[in-house]
There are 2 protein chains.
Amino acid sequence: MSNAKVLPLVESDGQGVVPCCPPLTERPMTAEEAEAAARMFKALGDPVRLRLFSAVASHEGGEACVCDISDVGVSQPTVSHHLKKLKEAGLLTSERRGTWVYYRVEASVLAAMGQLLTLPAAA
Amino acid sequence: MSNAKVLPLVESDGQGVVPCCPPLTERPMTAEEAEAAARMFKALGDPVRLRLFSAVASHEGGEACVCDISDVGVSQPTVSHHLKKLKEAGLLTSERRGTWVYYRVEASVLAAMGQLLTLPAAA
DNA sequence: CATCTATGTTGACGTCCATCGATACACATG
DNA sequence: CATGTGTATCGATGGACGTCAACATAGATG
């Protein structure tokens with residue numbers, strides 16, 4: 001139930017594969033591009049999610065068990081909720097190994113978001 | 001009434017100036033850093049705002065009059081509302097010239113957001 | 001000053017969302 | 001299989017947010 005549609009970057013949404021991310025400054029985004037990109041930004045638009053994401057991203061080996069990062073001042077269900085949101089946005093992937101669930105950053109998505117914010121080589 | 005506190009990047013919020021943006025992957029963000037950064041990401045977390053922002057960013061001379069970009073499928077008050085949000089987030093600045101109001105991107109903020117999403121030089 | 005256009009503000013409304021406690025599920029271990 | 005720990009889901013709740021119509025403000029022009 002979670003096979004296709006991994007990266008919101010390359011939405012195989014309607015008729016084909018749409019690379020969502022020309023730099024924001026290159027041309028006005030279409031409604032569809034904006035929809036896809038906004039999902040990712042929105043996912044990082046919450047302080048708790050940002051801390052969770054950063055905790056995973058900065059953790060040894062690029063991955064972290066939930067137990068390693070859940071000290072962000074909210075309840076355990078809320079942590080789980082936010083991790084799910086980040087996963088749905090394509091920013092994280094998860095894998096269960098025994099008792100623990102490990103989350104890791106989807107580097108390509110992060111890179112693409114960076115591309116989006118790229119500025120033309122101005123002074 | 002809009003003099004101090006220009007960049008959410010360098011929040012002169014409480015006791016001093018806090019540069020908000022070590023790469024997300026460098027170390028876990030603090031609550032304060034996350035709060036500041038999340039404001040910016042949240043501002044781009046709406047499709048309409050993203051389109052407006054992109055329209056300004058990609059417009060000739062890096063600035064655009066509201067009338068040039070307000071064709072995003074929502075009412076005029078809504079456009080105004082979103083531009084205000086982008087301005088409050090530090091992503092846009094505005095200037096009135098005669099009848100029209102021109103918005104322009106705050107390049108430094110955009111650059112800092114890009115930094116935030118920087119990945120360590122992995123393969 | 002009257003009027004027109006461009007933009008911002010206000011107030012209301014419906015929906016989304018972050019949060020929690022309670023509970024369920026997954027795995028390990030005895 | 002019983003129990004304990006780690007994680008996810010459910011249902012509820014309060015607040016935030018996107019949207020609009022109506023109105024207000026700013027500048028230009030006659």
Side-chain angles (χ1 to χ4, degrees), chain A residues 1-2 8 29 31 34-56 59 63-89 91-104, chain B residues 1-2 8 29 31 34-56 59 63-89 91-104:
Chain A
M1 221 79 79
S2 64
M29 299 183 81
E35 200 82 39
R39 267 195 289 274
M40 308 186 302
F41 283 114
K42 187 187 290 186
L44 294 183
D46 178 272
V48 173
R49 276 199 294 271
L50 209 43
R51 290 186 72 189
L52 288 171
F53 185 76
S54 173
V56 172
H59 205 264
E63 71 174 13
C65 153
V66 178
C67 57
D68 289 329
I69 59 175
S70 37
D71 189 22
V72 286
V74 295
S75 70
Q76 176 269 322
T78 302
V79 169
S80 195
H81 166 72
H82 283 307
L83 288 172
K84 185 180 184 181
K85 284 299 195 72
L86 286 167
K87 202 170 141 186
E88 288 171 349
L91 293 170
L92 291 180
T93 58
S94 71
E95 180 194 357
R96 172 156 228 142
R97 287 206 292 275
T99 304
W100 296 279
V101 176
Y102 292 84
Y103 283 82
R104 92 169 27 242
Chain B
M1 224 79 77
S2 63
M29 298 183 82
E35 200 82 39
R39 267 195 289 273
M40 307 186 302
F41 283 115
K42 186 187 293 187
L44 294 183
D46 178 271
V48 174
R49 277 199 294 270
L50 208 42
R51 289 186 73 191
L52 288 171
F53 186 76
S54 173
V56 172
H59 205 264
E63 71 173 13
C65 150
V66 178
C67 57
D68 289 327
I69 59 176
S70 38
D71 190 21
V72 286
V74 294
S75 70
Q76 175 269 323
T78 301
V79 169
S80 196
H81 167 73
H82 283 307
L83 288 172
K84 185 180 184 180
K85 285 296 194 75
L86 287 167
K87 203 170 139 186
E88 288 171 350
L91 293 170
L92 291 180
T93 58
S94 71
E95 179 193 359
R96 173 155 227 144
R97 288 206 292 274
T99 304
W100 296 278
V101 176
Y102 291 84
Y103 283 81
R104 92 170 28 241

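Just so we're on the same page: letters track the sequence lines, and every chain starts at 1.
Rounded to whole Å, the distance from CZ on B:Arg39 to C1' on D:dA16 is 15 Å. Distance CG (A:Asp46) to P (D:dG15): 17 Å, rounded to an integer number of Å. Rounding to whole angstrom units, CG of residue B:Leu86 and P of D:dC17 are separated by 13 Å. Rounding to whole angstrom units, CG of residue B:Asp68 and C1' of C:dT5 are separated by 15 Å. Summarising the geometry, the separation between CD on B:Glu95 and C1' on D:dA26 is reported as 15 Å, rounded to the nearest angstrom. In this entry the distance linking CD of A:Glu88 with C1' of D:dA8 reads 12 Å, nearest Å. The distance between atom CD of A:Gln76 and atom C1' of C:dA18, rounded to the nearest whole Å, is 15 Å. Distance CH2 (B:Trp100) to P (D:dG27): 13 Å, rounded to an integer number of Å.
Nucleic acid contact class of B:Tyr103 (heavy atoms, under 4.0 Å, all strands): sugar-phosphate only.
For the pair B:Ser80 and C:dT7, the criterion of a side-chain N or O lying under 4.0 Å from OP1 or OP2 is not met. Contact annotation: A:Lys42 does not reach the phosphate of D:dC17 (side-chain N/O to OP1 or OP2, under 4.0 Å). Residue A:Thr78 has a polar side-chain atom (N or O) positioned under 4.0 Å from OP1 or OP2 of C:dC20. For the OP1/OP2 pair of D:dG6 and a distance below 4.0 Å, the side-chain nitrogens and oxygens of A:Thr99 include no atom meeting the criterion. Phosphate contact (OP1/OP2 of C:dG8, side-chain N/O of B:Lys84, threshold under 4.0 Å): absent.
Nearest heavy-atom pair across B:Tyr103 and B:Ser94 is CE2-CB, 3.5 Å.
With rounding to the nearest 0.5 angstrom, the NZ atom of A:Lys85 is 12.0 Å from the CG atom of A:Leu83.
Inter-residue side-chain proximity for A:Val56 and A:Asp68 is flagged as unmet; no heavy-atom pair is nearer than 4.5 Å.
Comparing C:dT9, C:dA6, D:dG18 by their closest approach to the side chain of B:Arg49 singles out D:dG18. When distances run from any side-chain atom of B:Arg96 to the nucleotides C:dT9, D:dG6, D:dA26, the shortest one goes to D:dA26. Looking at the side chain of A:His81, the nearest of the listed nucleotides C:dT7, C:dA18, D:dG18 is C:dA18. Residue B:Val74 has its side chain nearest to D:dT19 when only C:dT19, D:dT19, C:dA6 are considered.
In this structure a side-chain-to-backbone donor-acceptor pair under 3.5 Å is missing from A:Arg97 to A:Thr99.
Toward the 5′ end of DNA chain D lies the nearest nucleotide of B:Val48, the other residue of the pair B:Arg97 and B:Val48 mapping further downstream. With the nearest nucleotide of DNA chain C identified for both B:Pro77 and A:His82, B:Pro77 has the one nearer the 5' end.
For the side-chain contact (heavy atoms from CB on, under 4.5 Å) test with A:Leu52, the passing option among A:Val79, A:Asp46, A:Val66 is A:Val79; the others fail.
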